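Order of the sequence lines sets the chain letters (A, B, ...), proteins ahead of strands, with each chain counted from 1. Just so we're clear, the structure is a prediction, and the values are computed from it rather than from any experiment.
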2 protein chains.
Amino acid sequence: MPELESVIRKLEALDHRITPSRVAVIAAVLAQSGHFSVEDVLRQARAVGRATVFRTMRLLTDLEIVCRVLLEDGSLHYRVSRRGHHHHLVCVSCGNVQDLDECAVAGLVRELAAATEYEIEGHWLEFYGRCASCRSSLALAAKA
Amino acid sequence: MPELESVIRKLEALDHRITPSRVAVIAAVLAQSGHFSVEDVLRQARAVGRATVFRTMRLLTDLEIVCRVLLEDGSLHYRVSRRGHHHHLVCVSCGNVQDLDECAVAGLVRELAAATEYEIEGHWLEFYGRCASCRSSLALAAKA
DNA sequence: ATAGTTATGATACCTGGTATCAGTGAGACG
DNA sequence: CGTCTCACTGATACCAGGTATCATAACTAT
């Protein structure tokens with residue numbers, strides 16, 4: 001989990017100004033556990049203007065400090081990120097997110113490019129399921 | 001491309017009422033080429049209430065008459081659908097969509113389930129790239 | 001200290017989507 | 001053909017995510 005300090009140093013290194021608003025938003029983001037919506041950040045950084053929160057979220061996304069998590073219904077959430085390109089496995093019951101380190105479709109992308117004459121630049125891939133603990137509590141509930 | 005008539009028969013068969021509003025929305029949807037936003041449908045079916053348009057879009061999605069297309073920025077569009085489960089390859093330049101018939105991650109899903117103890121229920125997969133014709137016009141523009 | 005640029009935040013707006021709820025009309029049944 | 005009922009409608013208000021505008025504030029290099 002990155003520290004506030006290290007994120008700030010990263011911004012400085014890229015010639016972004018360190019302002020109280022930005023620090024507040026970053027602190028709010030780092031305080032989240034799991035994935036969260038912009039609304040969560042807005043609530044936790046009430047003093048900061050709406051537009052600034054969105055601007056900072058975009059900045060953090062561009063710097064790969066957070067990544068976007070696509071939920072099953074198409075809504076976007078965010079998540080503090082530790083890696084470069086990766087995918088997610090989201091538990092639809094408890095919301096827990098498992099990071100999948102390797103990009104599983106790199107080979108596929110090459111095949112597709114050859115088959116379609118597209119130059120493939122990116123992709124979205126997210127998996128949804130039910131984690132082991134949610135499955136067992138479901139089984140218990142069914143028995144009762 | 002399904003015809004208005006056949007969509008209506010499909011609704012009837014599933015005990016949904018055929019109303020002028022629904023017919024108007026379905027006609028507007030079938031008139032779209034490529035992928036489109038709900039806004040496009042709202043514009044083309046102005047007489048129909050906003051809520052009804054959304055309700056009908058959900059109905060059509062549930063019946064797999066349209067499918068959702070996830071754009072690179074996370075926004076959802078719709079597209080008249082001819083198949084069951086499939087994925088898309090979207091040209092980021094002209095917006096053209098190529099349907100990918102086979103689900104490329106079915107094998108992956110099995111591997112993942114074994115590795116993570118999740119019961120995997122679904123996934124999102126979309127590819128983005130540049131189609132052959134957009135690539136060649138880009139090359140021409142660069143030369144000029 | 002100050003200049004120059006970047007960031008802010010209030011506000012208004014856009015898009016997608018849902019909740020509510022009184023009113024209407026499709027279509028089944030007689 | 002009438003009528004009953006339930007599914008459907010649409011106005012409205014709301015929520016969430018996100019952008020545009022623009023006058024004002026403030027960071028930081030000099």
Pairs satisfying side chain to side chain donor-acceptor pair (under 3.5 Å), at least one member in residues 37-51 of chain B, at least two apart: B:Ser37-B:Asp40, B:Asp40-B:Arg43
Applying ring-ring contact (aromatic ring centres under 6.0 Å, His included), name anything that partners B:His86, two or more places apart in sequence or on another chain. B:His88
Fellow cluster residues of A:Phe127, listed by chain then number, with links counted only when side-chain atoms sit under 4.5 Å apart: A:Leu89, A:Leu100, A:Val105, A:Leu108, A:Val109, A:Leu112, A:Tyr118, A:Ile120, A:Leu125, B:Leu89, B:Leu100, B:Val105, B:Leu108, B:Val109, B:Leu112, B:Tyr118, B:Ile120, B:Leu125, B:Phe127
List, by chain and number, the other hydrophobic cluster members for A:Val97, where Ile, Leu, Val, Met, Phe, Trp and Tyr join if side-chain heavy atoms come within less than 4.5 Å, directly or indirectly. A:Val69, A:Leu70, A:Leu71, A:Leu76, A:Val90, A:Val92, A:Trp124, A:Tyr128, B:Val69, B:Leu70, B:Leu71, B:Leu76, B:Val90, B:Val92, B:Val97, B:Trp124, B:Tyr128
List for me each residue that meets side chain to side chain contact (heavy atoms under 4.5 Å, CB included) alongside [X], sequence neighbours excluded, and say none if there are none.
X: B:Arg55; answer: B:Ala51, B:Thr52
X: B:Arg58; answer: B:Asp62
X: B:His85; answer: B:His87, B:Cys103, B:His123
X: B:Ala45; answer: B:Ala28, B:Val48

Whole-Å distance between [N] [atom2] and [X] [atom1]?
X: A:Asp73; N: D:dA16; atom1: CG; atom2: P; answer: 14 Å
X: B:Leu60; N: C:dG17; atom1: CG; atom2: P; answer: 13 Å
X: A:Arg58; N: D:dA20; atom1: CZ; atom2: C1'; answer: 12 Å
X: B:Arg68; N: C:dG16; atom1: CZ; atom2: C1'; answer: 12 Å
X: B:Leu76; N: D:dG17; atom1: CG; atom2: C1'; answer: 12 Å
X: A:His77; N: D:dA16; atom1: NE2; atom2: P; answer: 11 Å
X: A:Leu71; N: C:dG16; atom1: CG; atom2: C1'; answer: 15 Å
X: A:Leu59; N: D:dT19; atom1: CG; atom2: C1'; answer: 17 Å

Looking at residues 37-44 of chain A, who's got a heavy atom less than 4.0 Å off DNA chain D? A:Ser37, A:Val38, A:Glu39
Does any N or O in the side chain of B:Arg130 come within less than 3.5 Å of the main-chain N or O of B:Ser93, such that one atom is a donor and the other an acceptor? no
Name all pairs fulfilling the ring-ring contact (aromatic ring centres under 6.0 Å, His included) condition that reach into residues 28-79 of chain B, sequence neighbours left out, sorted by first residue then second. B:His35-B:His77
Roughly how far apart are A:Gln98 CD and A:Cys91 SG, rounded to 0.5 Å? 10.0 Å
For D:dG18, does either OP1 or OP2 sit under 4.0 Å from a side-chain N or O belonging to A:Tyr78? yes
Please enumerate all protein N or O atoms sitting under 3.5 Å from an N or O of nucleotides 25-28 of chain C, with distances to 0.1 Å.
unit_1: C:dG25; atom_1: N2; unit_2: B:Arg17; atom_2: NH1; d: 2.8
unit_1: C:dG27; atom_1: OP1; unit_2: B:Ile18; atom_2: N; d: 3.0

Heavy atoms within less than 4.0 Å of DNA chain C: which residues of residues 48-57 of chain A have one? Give them sorted by number. A:Val48, A:Gly49, A:Ala51, A:Thr52, A:Arg55
